[in-house]
Colleague: 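Pasting in a structure now, in structure tokens, and then I'll have a few things to ask.
Only a predicted model underlies this, so the values are computations on that prediction, with no experimental measurement involved.
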Amino acid sequence: MTATEYLNTCKDKVNAFLDEYLLSGTVEPEIIHKAIRYSVFSGGKRFRAALCMAAYDVFDGEKERVLPVAAGIELIHTYSLIHDDLPCMDDDDLRRGKPTLHKVYGENIAVLAGDALNALAFDLVSRAEDCRIIRTLAGAIGTEGMIGGQVADVLSCGKEDISEEDVEFIHTKKTAALIKASVKMGVLTAGVSEEELEIAGEFGARIGLAFQIVDDILDIVSSNEILGKDVGSDEDLDKATYPKVFGLERSRTAARDMVKDACEILPSLKGDTSILKGLAEFVIERVN
Ligand code: GRG
């Protein structure tokens with residue numbers, strides 16, 4: 001199976017699982033359940049879930065155990081996108097090719113839908129009955145992870161003296177922390193040694209940083225139609241991005257090098273890592 005086929009298979013499994021799990025839009029209060037479903041089923045790639053499942057598959061664990069964990073990660077990701085799009089954050093009108101949640105349901109419901117998804121994600125992840133998985137997620141999305149990165153990102157807008165360390169700090173926390181955690185949570189669900197967990201985390205960290213650099217590049221070189229969101233918003237908000245600090249070509253090289261480094265780590269894991277390698281390459285393919 002190719003990485004793209006794997007990604008599509010994971011997408012179908014995660015979507016089917018979440019369709020069963022999430023309350024229907026007819027349950028009171030209807031609006032919140034409709035809003036949650038609007039965002040969750042708006043067409044995400046499910047890349048983080050696929051990474052989690054592929055990391056798990058390297059160690060060939062009990063098949064059904066990883067799906068709630070992978071689905072939970074996607075709920076966190078969806079919550080972060082909903083909040084990131086709010087007028088008080090990036091103020092975006094378009095996400096995944098559709099009007100953003102607050103445009104359709106209002107700001108108050110969008111905030112609450114994000115909050116609800118955060119809670120639901122922990123409900124799902126706890127089903128693997130391993131506190132280390134829950135703590136890995138909590139650490140990745142708190143003030144030393146995604147939220148910390150988002151705070152630094154918001155504060156960086158309009159600043160002229162952004163250093164390489166600043167932009168790396170933002171990207172590592174805002175985006176790479178959850179991607180790194182996705183790989184680690186997959187490996188933890190399979191039940192592996194500390195050493196393997198460490199190696200998997202190193203792989204995930206590099207892929208995560210490359211992912212955000214590619215996102216920065218696409219915000220300049222791609223189009224609304226292809227990305228399904230408003231391109232050029234980083235420049236409009238004068239954000240700290242890799243292209244702003246390094247220029248486009250050096251950013252491309254940095255992302256490529258990071259994916260290459262990540263792939264070189266993989267043979268240290270004892271198992272078939274070909275899908276993880278393919279997913280790493282998928283990150284960079286989008287700007288090749
Ligand atoms: C709690 C008020 C409050 C705000 C939180 C956490 C947060 C705001 C924002 C997270 C930061 C963020 C959205 C980073 C961008 C990461 C990124 C590259 C998103 C796009 O990911 P894809 O391409 O999207 O995987 P799909 O649509 O495929 O799921």
Colleague: If hydrophobic clusters are built from ILVMFWY residues whose side chains come within less than 4.5 Å, do F41 and L81 share one?
Modeller: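 The answer is no; the residues belong to distinct hydrophobic clusters.
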
Colleague: Answer yes or no: is there a side-chain heavy-atom contact under 4.5 Å between H83 and Q150?
Modeller: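 The answer is no, as the side chains (C-beta and beyond) never meet within the 4.5 Å cut-off.
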
Colleague: Any non-hydrogen side-chain atom of I207 less than 4.5 Å from a side-chain atom of F47?
Modeller: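 Yes, at least one pair of side-chain atoms sits under 4.5 Å.
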
Colleague: I want to check something: taking the side chain as every heavy atom from C-beta on, are D57 and I275 in contact at a cut-off of under 4.5 Å?
Modeller: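 The answer is no, as the side chains (C-beta and beyond) never meet within the 4.5 Å cut-off.
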
Colleague: Side chain to side chain contact (heavy atoms under 4.5 Å, CB included) between I76 and L117: does it pass, once the steps are laid out?
Modeller: CA-CA 6 Å; I76 292 289; L117 287 169; over 6 Å; no

Colleague: Got I217 and L248 here, is their nearest side-chain heavy-atom distance under 4.5 Å?
Modeller: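 Sidechains of L248 and I217: in contact.
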
Colleague: If you round to the nearest 0.5 Å, how far is CD1 of I170 from OG1 of T175?
Modeller: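 Reported to 0.5 Å precision, the distance equals 10.0 Å.
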
Colleague: Provide the full list of salt bridge (charged side-chain N to carboxylate O under 4.0 Å, His left out) pairs with a residue in residues 30-52, sequence neighbours left out, each pair given once.
Modeller: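 Pairs touching residues 30-52 that pass the test: D19-R37, E30-K34, R46-E74.
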
Colleague: For a 4.5 angstrom cut-off between non-hydrogen side-chain atoms, does I141 reach N118?
Modeller: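 SC-SC contact between I141 and N118 confirmed.
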
Colleague: Which distance, rounded to the nearest 0.5 Å, do you find between the CG of L266 and the CG of L276?
Modeller: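 Taking CG in L266 and CG in L276, the distance rounds to 5.5 Å.
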
Colleague: Report the residues that fulfil salt bridge (charged side-chain N to carboxylate O under 4.0 Å, His left out) with D238, sequence neighbours left out, ordered by chain and then residue number.
Modeller: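 So D238 forms a salt bridge (charged side-chain N to carboxylate O under 4.0 Å, His left out) with K244.
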
Colleague: Check step by step if side chain to side chain contact (heavy atoms under 4.5 Å, CB included) holds for M146 and K173.
Modeller: CA-CA 5 Å; M146 186 174 78; K173 308 239 167 211; over 6 Å; no

Colleague: If a pair satisfies salt bridge (charged side-chain N to carboxylate O under 4.0 Å, His left out) and one of its residues is in residues 245-261, list it, with sequence neighbours excluded.
Modeller: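 Listed once each, the pairs are E249-R252, K260-E264.
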
Colleague: Can you give me the closest heavy-atom contact between A50 and L7, atom names plus distance?
Modeller: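 Closest approach of A50 to L7: CB-CD1, 3.4 Å.
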
Colleague: Calculate, to the nearest 0.5 Å, the distance between atoms CD and CG belonging to E195 and L269 respectively.
Modeller: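 CG of L269 is found 9.5 Å from CD of E195.
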
Colleague: So if you build clusters from Ile, Leu, Val, Met, Phe, Trp, Tyr with side-chain heavy-atom gaps below 4.5 Å, do M258 and F246 land together?
Modeller: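 Yes, M258 and F246 fall within the same hydrophobic cluster.
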
Colleague: Could you walk me through whether V231 and L218 pass side chain to side chain contact (heavy atoms under 4.5 Å, CB included), step by step?
Modeller: CA-CA 8 Å; V231 297; L218 291 174; over 6 Å; no

Colleague: Does E235 use its side chain to pair, donor to acceptor, with the backbone of G232 at less than 3.5 Å?
Modeller: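 Looks like no, no N/O pair under 3.5 Å.
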
Colleague: Would a hydrophobic clustering, with Ile, Leu, Val, Met, Phe, Trp and Tyr connected at side-chain separations under 4.5 Å, put L86 with I31?
Modeller: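 No; tracing contacts between hydrophobic side chains, which count when under 4.5 Å, never links both residues.
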
Colleague: Y105 vs Y38 aromatic rings, parallel, tilted or perpendicular, using cut-offs 30° and 60°?
Modeller: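 If you compare the ring of Y105 with that of Y38, the planes turn out perpendicular.
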
Colleague: Show the nearest heavy-atom pair for residues H33 and E28, with the distance to one decimal.
Modeller: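 H33 and E28 have their closest heavy atoms at CE1-O, 3.5 Å.
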
Colleague: Have a look at Y21 and tell me which of L120, V40, L67 forms a side-chain contact (heavy atoms from CB on, under 4.5 Å) with it.
Modeller: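 Testing each of L120, V40, L67 against Y21, the sole residue satisfying side-chain contact (heavy atoms from CB on, under 4.5 Å) is L120.
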
Colleague: Compare all side-chain heavy atoms of V69 with those of C52 and state whether any distance is below 4.5 angstrom.
Modeller: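 Sidechains of C52 and V69: in contact.
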
Colleague: Under the rule for side-chain hydrogen bond (donor to acceptor under 3.5 Å, both in side chains), what residues qualify as partners of K277, not counting sequence neighbours?
Modeller: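 So K277 forms a side-chain hydrogen bond (donor to acceptor under 3.5 Å, both in side chains) with E281.
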
Colleague: Between CD1 of I162 and OH of Y242, what distance do you get to the nearest 0.5 Å?
Modeller: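 So the CD1 of I162 and the OH of Y242 are separated by 12.5 Å.
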
Colleague: Would you please name every residue forming a salt bridge (charged side-chain N to carboxylate O under 4.0 Å, His left out) with D123, sequence neighbours left out?
Modeller: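 Checked D123 against salt bridge (charged side-chain N to carboxylate O under 4.0 Å, His left out); matches are R127.
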
Colleague: Working to the nearest 0.5 Å, report the span between OH of Y6 and NZ of K11.
Modeller: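 If we round to the nearest 0.5 Å, Y6:OH and K11:NZ are 15.0 Å apart.
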
Colleague: Which atom pair, heavy atoms only, marks the closest approach of G145 to A177?
Modeller: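 Answer, listing the atom of G145 first, then A177: CA-CB, 4.2 Å.
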
Colleague: Do V111 and I36 share a hydrophobic cluster (ILVMFWY, side-chain heavy atoms under 4.5 Å, transitive)?
Modeller: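 No, because V111 and I36 fall into different hydrophobic clusters, even though each may have its own neighbours under 4.5 Å.
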
Colleague: Using atom types as modelled and distance alone, determine if a side-chain donor or acceptor of D90 lies under 3.5 Å from a backbone N or O of D92.
Modeller: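 Pair absent, no side-chain N/O of D90 close to backbone of D92.
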
Colleague: Is it the case that one hydrophobic cluster holds both M89 and L155, taking links as side-chain heavy atoms less than 4.5 Å apart, direct or via other members?
Modeller: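 Result: no, two separate clusters.
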
Colleague: Which pairs, with at least one residue in residues 200-220 and sequence neighbours excluded, count as a salt bridge (charged side-chain N to carboxylate O under 4.0 Å, His left out)?
Modeller: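 Those involving residues 200-220 are E202-R206, D215-K229.
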
Colleague: Under 3.5 Å, is there a donor on one side chain and an acceptor on the other for D230 and S233?
Modeller: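 Side-chain D/A pair, D230 to S233: absent.
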
Colleague: Provide the full list of salt bridge (charged side-chain N to carboxylate O under 4.0 Å, His left out) pairs with a residue in residues 96-110, sequence neighbours left out, each pair given once.
Modeller: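 As it turns out, the salt bridge (charged side-chain N to carboxylate O under 4.0 Å, His left out) pairs with a partner in residues 96-110, which skip direct neighbours, are D93-K103.
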
Colleague: Determine whether T189 and F59 make a side-chain contact, defined as any pair of heavy atoms from C-beta on separated by less than 4.5 Å.
Modeller: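 No, too far: nothing below the 4.5 Å cut-off.
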
Colleague: Applying side-chain hydrogen bond (donor to acceptor under 3.5 Å, both in side chains), name anything that partners D85, two or more places apart in sequence or on another chain.
Modeller: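 For D85, the residues satisfying side-chain hydrogen bond (donor to acceptor under 3.5 Å, both in side chains) (neighbours in sequence not counted) are R95.
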
Colleague: Take T143 and V151, measure what side chain to side chain contact (heavy atoms under 4.5 Å, CB included) needs, and give me the verdict at the end.
Modeller: CA-CA 8 Å; T143 53; V151 171; over 6 Å; no

Colleague: Is the shortest side-chain heavy-atom distance between F203 and K180 below 4.5 Å?
Modeller: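 Answer no - side chains too far apart.
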
Colleague: Under 4.5 Å side-chain heavy-atom separation, chaining through any Ile, Leu, Val, Met, Phe, Trp or Tyr, what else clusters with L23? Say none if it is isolated.
Modeller: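 Result for L23 is V27.
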
Colleague: According to salt bridge (charged side-chain N to carboxylate O under 4.0 Å, His left out), who are the partners of K13, at least two apart in sequence or on a separate chain?
Modeller: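 For K13 there are no salt bridge (charged side-chain N to carboxylate O under 4.0 Å, His left out) partners, ignoring immediate neighbours.
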
Colleague: Answer with yes or no whether the side chains of T26 and S24 bring together a donor and an acceptor at under 3.5 Å.
Modeller: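 Side chains of S24 and T26: pair found under 3.5 Å.
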
Colleague: Go through the structure and list residues passing salt bridge (charged side-chain N to carboxylate O under 4.0 Å, His left out) with E144, not counting sequence neighbours.
Modeller: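 E144 satisfies salt bridge (charged side-chain N to carboxylate O under 4.0 Å, His left out) with no residue once adjacent residues are dropped.
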
Colleague: What is the minimum heavy-atom distance between G72 and A121, and which atoms define it?
Modeller: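 Taking every non-hydrogen atom into account, O-CB, 3.3 Å.
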
Colleague: Taking all non-hydrogen atoms of both residues, which atom of A55 and which atom of V183 are closest, and how far apart?
Modeller: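 Taking A55 first and V183 second, the nearest heavy atoms are CB-O, 3.5 Å.
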
Colleague: Check side-chain hydrogen bond (donor to acceptor under 3.5 Å, both in side chains) between R65 and all other residues, then give those that pass, not counting sequence neighbours.
Modeller: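 Once residues adjacent in sequence are excluded, R65 has no partner under the side-chain hydrogen bond (donor to acceptor under 3.5 Å, both in side chains) criterion.
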
Colleague: What's the spacing between L178 CG and S80 OG if we round to 0.5 Å?
Modeller: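 These two atoms lie 7.0 Å from each other.
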
Colleague: So which atom in F169 and which in G148 form the shortest heavy-atom distance, rounded to 0.1 Å?
Modeller: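 Distance-wise, the nearest heavy atoms are CE2-O, 4.5 Å.
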
